[in-house]
Amino acid sequence: MGQAEYLVVLAACVLVTLPLEIAGARVYRQPRRLARAVLPVALVFLVWDALAIAGGVWDYAPEHVTGIRAPFGVPLEEILFFVVIPVCGVLTYEIVQLTLAVLGRRSRQEARR
């Protein structure tokens, strides 16, 4: 896969969790709420990455990234990682909460019978 490898993995994460939105997670339908959940943490980790790259603590193998870098040398793929993975996590969390609520309602309805 080469330089697109990281992007392909991120795209796969989005595709795998997209059915959760369709099933009722309603994460993408609340963009402000999603941004408040994801962006502060993404910002902290992006600063961390930028400092680590600038300090020579770590970098990214050029054969696995596109070479597009944001200011401070952070690769595009890393920026997307800090958005895509938390969004997928929020989708998963929301569908689990929805499923538990539905199961709880069914359980209470069956107990009344």
If you define the side chain from C-beta out and look only at heavy atoms, does anything of [X] sit under 4.5 Å from [Y]?
X: Ile68; Y: Pro75; result: no
X: Thr17; Y: Leu20; result: yes
X: Phe72; Y: Leu51; result: no
X: Leu76; Y: Val65; result: no

Partner set under side chain to side chain contact (heavy atoms under 4.5 Å, CB included) for Val41, not counting sequence neighbours: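 Per chain and number, Val41 pairs via side chain to side chain contact (heavy atoms under 4.5 Å, CB included) with Phe45.
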side-chain contact (heavy atoms from CB on, under 4.5 Å) for Glu21 and Tyr28? Distances and angles first, verdict last. CA-CA 7 Å; Glu21 177 70 14; Tyr28 293 133; 3.5 Å; yes
Could you see if [X] belongs to whatever hydrophobic cluster contains [Y]? Use Ile, Leu, Val, Met, Phe, Trp, Tyr and a side-chain cutoff under 4.5 Å.
X: Val14; Y: Val16; answer: no
X: Leu18; Y: Phe81; answer: yes
X: Val57; Y: Val74; answer: yes
X: Val44; Y: Val90; answer: no

Provide the closest heavy-atom pair for [X] versus [Y] in the form atom of the first, atom of the second, distance.
X: Pro40; Y: Ala35; value: CD-O, 3.6 Å
X: Gly24; Y: Leu98; value: O-CD2, 3.6 Å
X: Cys13; Y: Cys88; value: O-SG, 3.4 Å
X: Ile95; Y: Ala25; value: CD1-N, 3.9 Å
X: Asp49; Y: Phe82; value: OD2-CE1, 3.5 Å
X: Val84; Y: Leu10; value: CG1-O, 3.7 Å

About how many Å separate CZ of Arg69 and CD1 of Ile79, when rounded to the nearest 0.5 Å?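 These two atoms lie 10.0 Å from each other.
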For the atom pair CD (Glu94) and OG1 (Thr99), what is the distance rounded to the nearest 0.5 Å?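 So the CD of Glu94 and the OG1 of Thr99 are separated by 11.0 Å.
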Is a donor from one side chain sitting under 3.5 angstrom from an acceptor on the other, for Tyr60 and Glu77?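 No donor-acceptor contact under 3.5 Å links the two side chains.
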Is it the case that atom CZ in Arg32 sees more than 12 heavy atoms from other parts of the structure closer than 6.0 Å?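 No, the 6.0 Å shell around CZ holds no more than 12 heavy atoms from other groups.
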